[in-house]
Amino acid sequence: MSALIQQLNPEQHAAVTLPTENALILAGAGSGKTRVLTTRIAWLISTGQVSPAGVLAVTFTNKAAKEMMARLSAQLPIPVRGMWIGTFHGLCNRFLRAHWREAGLPQTFQILDVQDQLASIKRLLKGLNVDEERHPPKQVQWFINGAKEQGLRPGDVQTRDPQSRQLAEIYLAYEAQCTRDGVADFAELLLRSYEILRDNPAIRRHYRQRFRHILVDEFQDTNRLQYQWLKLLAGPEDAHGACVFAVGDDDQSIYAFRGAHAGNMDDYQREFHVRHLIKLERNYRSYGHILDAANTLIANNARRLGKNLRTEAGAGEPVRVFEAPSDYAEAQWLVEEIRQLLRDGLAPSEIAVLYRANALSRVIEGALFNAGLPYRVYGGLRFFERAEVKHALAYLRLLDNPQDDTAFLRVVNFPARGIGARTLEQLQDAARLRATPLCDAVDALGGRGAASLQAFLDLVAQMRFQTAAMSLPDLVRHVLEASGLNAHYREEREGQERLENLEELVNAAAAFVTQEGFGLQAAAQQRQALGASSGAATEGLAAFDGIDPATGETLSPLTAFLTHAALEAGDNQAQTGQDAIQMMTVHAAKGLEFDAVFITGLEEGLFPHENALSEADGVEEERRLMYVAITRARKRLYLSLAQSRMLHGQTRYNLRSRFFDELPAQSLKWISAKQPGFGGGFGADQHSSWSDVPKASVPSFTPPAPKPKQGLRTGQAVFHNKFGEGVVLSLEGDGEDARAQVRFNRHGTKWLALNIAKLTPVS
DNA sequence: ACCTGGGTACTTTTT
DNA sequence: GTACCCAGGT
């Protein structure tokens, strides 16, 4: 332990060994934030100031929580699994599983993700006969989540005008529907936990006595409700209050659009009487020019707590800037620069291409693909959000809770079993009339529809019976077969990938069982090791995940797995297993670092984004976003922009981003190609040929060059492979070594390596 | 049950 | 440009 402490720099050391009082650590990018957090916990425990059970550490992402647990278990010889380390939602879920009675939830309540919630709202609006023009489901969803994140129930919502009055009514009906279904949405997990703590003195007292130290990661990202929750949990400073250790960086606050309130940092300092504000300003990540760029840029923001990153690593290479005539040329330049970096020995995964909006990835992806460079695009659907996986999960949810109408409607007729829209409408009417879940209204119907519905219920009941004694992976496999999902996708032409995902779901279930160490024995051992249960939990309060305080029963593996699926949506792309160039939005890059970083599309309207210009503090948030992007780079940073770019179906001519005027000229090197446009090679010598493009020059509008004619054009060829038949949209290269963008159906395109001889020209 | 055409939106996103 | 949703037709 003392060795760990000694490795810290003076700032970090001061933070880790702070006395027991509320503190705020202003942790700059790359300043060893996670290290300080985990070492603080390790220090507190190893010096006997707190037991592992007395620590609560909260993060925003599962990734951060896992990272913290991994590092902590490397530092301390204690089982970390049972500690209260997790995301806000994960910890609140754990809390609600223990106090499901007080929460008024079924013990096996399921969690609605964003998709489920929207489906639930759509169903509700139909039932209420609400005009979807007047109240678009998305807006209703936004309203409800917004209200919950401010701690407001339907009765607390301001209802001055008819519009908001109706929204409040919908909110009320939505709550009733969730209760009937036995489900909770994400915001509900937090709000209900908050309310239990607020309204139940015994529970509040228990947790306040238990958690002596509360540590918060990414504090600048907390929303109002999360802050109030922390305040309630910590309790008053004088009496039995916990000690709060908040770590954050106001300059990296980029989530205001989803309710993050960086002002919580000011409130926290005031309301928690913070005496020690420690700044971690020594950066261990980037070279000097990169940090100079970051520091100079962010200094343009008015309201800051104030911080300046420094390094002892030297100045390094200047930041390279490239202004391309078009988005296409920008991508070509990118390819050449990346090739050079790879020649220099950089691993592909150490190169990141960042952009402000996902739409910008397309051109770049095309260029990388055609160049034969391996890449991975982050974003899009995550594993547990895929349609086929959601279908499977819906069956699993029905096993657990037949009243889950969202799950019911999702699969009642999938795979198709002759239950039409009219039958379902009748069923929903009947259920509404009786105020029961759909499964309890089937007997109200007659005719063929009723028989089909009954057959569905029987199917689910049969699955429940058959799987009762099965292990979780076996259960999942059985449901995939018995439900007909596997058969359905085996039949389908393009079902191969979906089948693989379903198989992956079985693997995920198996991995989950292994990881969680299911069974009472493991849980009991964990409790014992932490020395938590006997003392505090004798009050009848559970200490651990999924343990019913009254009966001591653990959650079933199935319920736990479903919770896991909702709370942790998984990776957003199948692992290629290949070392690949990383492509992602700037938001997605937060918390990551790479040897070389490209920030693309640095144009007015794009970055800063035009929508942000009209919002209060919008430009400041964009600037913070740019700050985050810059500070991702360790060794090399590239900035690029295009004078013209195809966006929303039309060519736009954007001006150079204002951020260039806010960067230190001495840290930038403007480069340009000898032959801008197409066909001009951006050879290796380009990298040393700096041009003298003056920084403030107005970009000249080069008319977009015609796209080079390369092989066949859109719709002129058909391609066959295992995916089926597809239309070639664009083609590069020749012979057996061609690459093409192929559209296989009306839903999306794929880039493929193919042999031109295999193409069938369209007559 | 499946296909097709029209209409629309389109910044960022974790849980 | 294009991705997605929904309505209405086959």
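By convention in this document, chain letters (A, B, ...) are assigned in the order of the sequence lines, proteins followed by strands, and residues within each chain are numbered from 1.
Separating the CD atom of Gln141(A) from the C1' atom of dT15(B) is a distance of 13 Å, rounded to the nearest angstrom. Atom pair Arg623(A):CZ and dT12(B):C1' shows a separation of 17 Å (rounding to whole Å applied). Rounded to an integer number of Å, the gap from CD of Gln115(A) to P of dT13(B) is 16 Å. In this entry the distance linking NZ of Lys148(A) with C1' of dT14(B) reads 17 Å, nearest Å. dT15(B) atom C1' lies 11 Å from atom CZ of Phe88(A), rounded to whole Å. In this structure, His488(A) atom NE2 and dA1(B) atom P are separated by 11 Å, rounded to whole Å. Taking atom CD on Glu133(A) and atom P on dT8(B), their separation rounds to 9 Å, with Å as the unit. With rounding to whole Å, Arg382(A) atom CZ is found 10 Å from dT13(B) atom P.
Dashed line: the shortest gap from a side-chain N or O of Thr585(A) to OP1 or OP2 of dT13(B) is under 4.0 Å. Between Arg362(A) and dA3(C) there is a side-chain polar atom (N or O) within less than 4.0 angstrom of OP1 or OP2. Dashed line: the shortest gap from a side-chain N or O of Lys122(A) to OP1 or OP2 of dC6(C) is under 4.0 Å. The side chain of Arg258(A) places no N or O atom within less than 4.0 Å of a non-bridging phosphate oxygen (OP1 or OP2) of dT15(B). Phosphate proximity of dT11(B) to Asn358(A): absent, as no side-chain N or O sits under 4.0 Å from OP1 or OP2.
Asn62(A) comes within 4.0 angstrom of the backbone, heavy atoms only, and of no base. Heavy atoms of Val586(A) sit nowhere under 4.0 angstrom from any nucleic acid atom. When heavy atoms are screened at a 4.0 angstrom cut-off, Glu149(A) is found touching no nucleic acid atom at all. If you check every strand for non-hydrogen atoms under 4.0 Å, Gly418(A) touches sugar and phosphate atoms only. Contact annotation for Phe257(A): base contact, defined as any heavy-atom pair under 4.0 Å involving a base atom.
Ring-plane geometry between Trp229(A) and Phe88(A) is classed as perpendicular, the angle between the planes exceeding 60 degrees on a 0 to 90 degree scale with a lower cut at 30. The aromatic rings of Phe219(A) and Tyr227(A) sit perpendicular to each other, their planes meeting at more than 60°, with 30° as the lower class boundary.
Of the listed nucleotides (dT15(B), dC10(B), dT13(B)), dT13(B) has the atom at the smallest distance from the side chain of Ala588(A). Across dT11(B), dT13(B), dT15(B), the shortest atom-to-atom separation from the side chain of His648(A) is found for dT11(B). Distance from the side chain of Ala357(A) is smallest for dT12(B) among the nucleotides dT15(B), dC10(B), dT12(B). Picking from dT11(B), dA1(B), dT14(B) the nucleotide with the shortest atom distance to the side chain of Ala416(A) gives dA1(B). Of the candidates dA1(B), dT14(B), dT11(B), the closest approach to any side-chain atom of Asn413(A) belongs to dA1(B).
Nearer to the 5' terminus of DNA chain B, by closest-nucleotide assignment, is the contact made by Arg417(A) (compared with the other of Arg356(A) and Arg417(A)). Each of Ala569(A) and Glu621(A) lies near DNA chain B, and the nucleotide nearest Glu621(A) is the one positioned closer to the 5' end.
Figure legend: Arg97(A) and Phe109(A) shown as a cation-pi pair, the cationic atom lying under 6.0 angstrom from the six-membered ring centre and within 45 degrees of its axis. The cationic atom of Arg376(A) (NZ for Lys, CZ for Arg) lies less than 6.0 Å from the six-membered ring centre of Tyr378(A) and within 45° of the ring axis.
For Phe257(A) and His587(A), the ring centers sit closer than 6.0 Å to each other.
A distance of about 23 Å separates the C1' atoms of dA3(C) and dT14(B), rounded to the whole Å. Rounded to whole Å, the separation between the P atoms of dC4(C) and dT13(B) comes to 15 Å.
Here His609(A) packs flat against the base of dT11(B); its ring centre is closer than 5.5 angstrom to the base's six-membered ring, tilted by less than 30 degrees.
Within the 4.5 Å cutoff, the side chain of Asn145(A) has heavy atoms near those of the Gln117(A) side chain.
Scanning all heavy atoms of the two residues, the minimum distance from Leu225(A) to Ala187(A) falls at CD2-O, 4.4 Å.
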